[in-house]
Amino acid sequence: MNIRQLLGSKKLSNFFWKTYREDPQNIEAESHKLLHRTGFISQVSSGIFSFLPMGWRSIEKIKNIIREEMNNSGSLEINMPVVQPAELWEASGRLETYIPPLAHFMDRRENKYIIAPTHEETVTDIVAKNVNSYRDLPFILYHIQTKYREEPRPRGGLLRVREFEMKDAYSFDMNEEGMDVSYKKIIQVYKNIFSRCATEIVIVDADSGTIGGKESNEFIMLADSGEDIILISDKEKYSANVEKAIFIKNEFKQENPENIRTIDTPNLKTIDSLQKELSLPYHKFLKTVIYNADDKLVGCVIRGDYKINETKVRNYLNVTELTPANDTELNNAGLTPGFISPYNTQKIKFIYDDSVLKGPGNFVAGANVIDKHILGINISKDLSPEIVLDIAEAEEGFSAIDGGILRTKRGIEVGHVFKLGDVYSKKMSATYSNQKGEEKNILMGCYGIGVGRLLAACIEANYSNNSMNLPLTIAPFSVYLLALQIKDEEVKNLSEKLFFEIDKLGFDVLYDDRDIQTGVKFNDSDLLSLPYRIVISKRSIEKKQIEIYIREDKKTYDYSYGELIKFFENI
RNA sequence: CGGGGUGUGGCGCAGCGGUAGCGCACUCGCUUUGGGAGCGAGGGGUCACAGGUUCAAAUCCUGUCACCCCGACCA
């Protein structure tokens, strides 16, 4: 390749690149603003974006890092289709249960096709058709493919979209031990990937949601703009998504059973107002919330010093819809909104949080009569709960199971791994014969990274005013070679010579050879904020010094030509 | 799906009953050019859409749609 061709796709006079001076109207997320202003993306519709040449270079760099690390781990790249027959999803049982509902279309012959939101079904089908023996196991397959999910609310530019590229990997093992090995292997791969993208991540215990399976971990990049809330123990041995987090509940001395008495509590419908009125601590109250769970009413009872974690309730009940019941539903069930209690309420199934058994024993609860509460309800004497489990939500300051104190942080979920076990292999007959010739279910794990979201998250983590500051590994280019007075032959020659030399050393150089205002070039360079910026002008030729700005140092240096080349040789 | 906000040239905005304007961007010319230039000359918009009120609608009314933000839900 000669220098002209090499320059072709790397000089701005030839590049399809448009930057914007102002933020687009309405948008909030900094990564979204910057992705737009630096011409990385172009919005097609809500949650659906095109990548432009500059943005696509970063995406490709991220994908290459992912590929290298996955391949190094021995995983094998494949490719699975986006369009899939509905039968595949019928086999796993997710055709009707997937949330949000699967996007689909009918072909000319009225056959139903799914636009895939994920690929467990497809990969399990491949394995069911092609694996027979324990000799074929274990292995890990992955691909980087487009997903489409009908998000209720796309947001934050690339942070939450409807169509996106995901790297999804799937492990196949003979037994639990093997599955654990694969799971740990991918966790290490993910650590490598994120550290190469220069993002600091926290690994947390997570809920497995629609995907299913038992154990699950999320990779969270800490950022105030993130939509996930996580809890980290200050002893740093425990961290979890709030959906999943457990904690040590306060215990109180068990009291002797009291007699029940009803009191007037006009308009005191909340624990807050009652607590003030009665001058009793929060843990003396029972909080009862009635939910509509897939059109059936279920009651949840928890001690007043805790809140209900709806994800935990949903998982226990194995339902898809769980919303607090409205007043009409409550009245129809003979309940009095604001004064509900499990006492003498037979029609409804109640789930108790285990906090109710940790003292003090006697509680204040609603009387199921308007403007009345009951004092002295004893948990074992009067209620004798049958279903007792953990349905409490962890909060800032609670005691962690490692002996530390839980702290709340916000973050962006950039990766998620699941131990699926035989959830899919059982339903889709992905089996193998073991050494004894017995047919066994293959145990699976699945592992995802959202590519575009990772880019947005890196920007959220690194941006400063009007600058993306992407790390060297994923910035669209490494060096911004800014030539001033480009019409000057000496400037042009020096610039091209330098371009070629640095390019040969393995750095992507973006050559700004545009014959436009100096200020525009500097501002574009600041927006893109590549790790290195070199300025060539008549001045450099006169002084025989070349100016380089090193972002990491936030400093400008003057080097001779030789020194500059040496500098890049030593990086 | 609830709550809020915004829709006017490519982008950001003003106009809020009398038939469309500003800045930037774009095209041409000259000058300038190490921090989003100056002067001059141009091109570009059925004012989101559909009804309605009015002599007259970007402007008022009704409805719809799109986008953004908060929540719900979700990887």
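Chain letters run A, B, ... following the sequence lines, proteins first, then strands; residues in each count from 1. Atoms considered below: every heavy atom in the structure, side chains included; atoms not considered: hydrogens, waters and symmetry mates.
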- Mapping A:F164 and A:T19 onto RNA chain B by nearest heavy atom, which one lands closer to the 5' end?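 It is A:T19 whose nearest nucleotide is closer to the 5' end.
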- Hey, which sits more toward the 5' end of RNA chain B by its nearest nucleotide, A:S540 or A:T323?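 Result of the comparison: A:S540.
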Should the pair [X]-[Y] be classified as a salt bridge under the 4.0 Å nitrogen-to-oxygen rule?
X	Y	answer
A:R67	A:E77	yes
A:E243	A:K312	no
A:K307	A:E395	yes
A:K492	A:D513	no
A:R149	A:E163	no
A:D228	A:R410	no

Nearest to the [X] side chain among [options], which nucleotide is it?
X	options	answer
A:L527	B:rG34, B:rA75, B:rG36	B:rG36
A:Q517	B:rA37, B:rA75, B:rC73	B:rA37
A:R153	B:rG36, B:rC11, B:rC70	B:rC70
A:K18	B:rG34, B:rG71, B:rA25	B:rA25
A:E310	B:rC73, B:rA75, B:rG36	B:rC73
A:D526	B:rA37, B:rG35, B:rG23	B:rG35
A:V535	B:rG71, B:rG34, B:rG36	B:rG34

Between [N] and [M], how many Å separate the two [atom1] atoms, rounded to a whole number?
N	M	atom1	answer
B:rG17	B:rU54	C1'	9 Å
B:rA57	B:rG71	P	43 Å
B:rC47	B:rC60	P	15 Å
B:rG5	B:rC61	P	14 Å
B:rA72	B:rU53	C1'	40 Å
B:rG45	B:rG21	C1'	11 Å
B:rG23	B:rC65	P	37 Å
B:rG3	B:rU64	P	13 Å

Hey, does the side chain of [X] reach the backbone of [Y] with a donor-acceptor pair shorter than 3.5 angstrom?
X	Y	value
A:S73	A:V189	no
A:N292	A:L297	no
A:Q43	A:S45	yes

- Message: Looking at A:F105, I'd like to know if its CZ atom is crowded, meaning that more than 12 non-hydrogen atoms belonging to other residues, nucleotides or ligands lie closer than 6.0 Å.
- Response: yes
- A:D224, CG: over 12 other non-hydrogen atoms inside 6.0 angstrom: no
Every protein N/O lying under 3.5 Å from an N/O of nucleotides 66-68 of chain B:
from   : atom 1 : to    : atom 2 : distance (Å)
B:rC67 : OP1    : A:S46 : N      : 2.9
B:rC67 : O3'    : A:Q43 : NE2    : 3.4
B:rC68 : OP1    : A:Q43 : NE2    : 3.0
B:rC68 : OP2    : A:S46 : OG     : 2.7
B:rC68 : O2'    : A:N26 : O      : 2.4

Whole-Å distance between [N] [atom2] and [X] [atom1]?
X	N	atom1	atom2	value
A:E150	B:rC73	CD	C1'	14 Å
A:I548	B:rG34	CD1	C1'	17 Å
A:N466	B:rG35	CG	P	18 Å
A:N292	B:rA72	CG	P	17 Å
A:W17	B:rG36	CH2	C1'	13 Å
A:I486	B:rG34	CD1	P	13 Å
A:N523	B:rA25	CG	C1'	15 Å
A:K521	B:rA37	NZ	P	14 Å

Identify whether any heavy atom of [X] sits under 4.0 Å from a base atom; if not, whether one sits that close to sugar-phosphate; answer base, sugar-phosphate or nothing.
X	answer
A:T518	sugar-phosphate
A:P117	nothing
A:V161	base
A:D23	sugar-phosphate
A:R37	base

- With a 3.5 Å cut-off and just heavy-atom distances, do the side chain of A:E413 and the base of B:rA75 make a donor-acceptor pair?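 For A:E413, whose side chain was compared with the base of B:rA75, there is no donor-acceptor pair (under 3.5 Å).
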- Query: Tell me the ring pair (Phe, Tyr, Trp, His ring centres under 6.0 Å) pairs involving residues 313-332 of chain A, sequence neighbours left out?
  - Reply: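 For residues 313-332 of chain A: none.
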- Message: Output the pairing pattern of RNA chain B as a dot-bracket string, 5' first, Watson-Crick or G-U wobble with both distances under 3.5 Å, | for cross-strand pairs, [ ] for crossing pairs.
- Response: ((((((((.[[[[.)..(..]]]].((((((.....)))))).....[[[[[..)....]]]]])))))))....
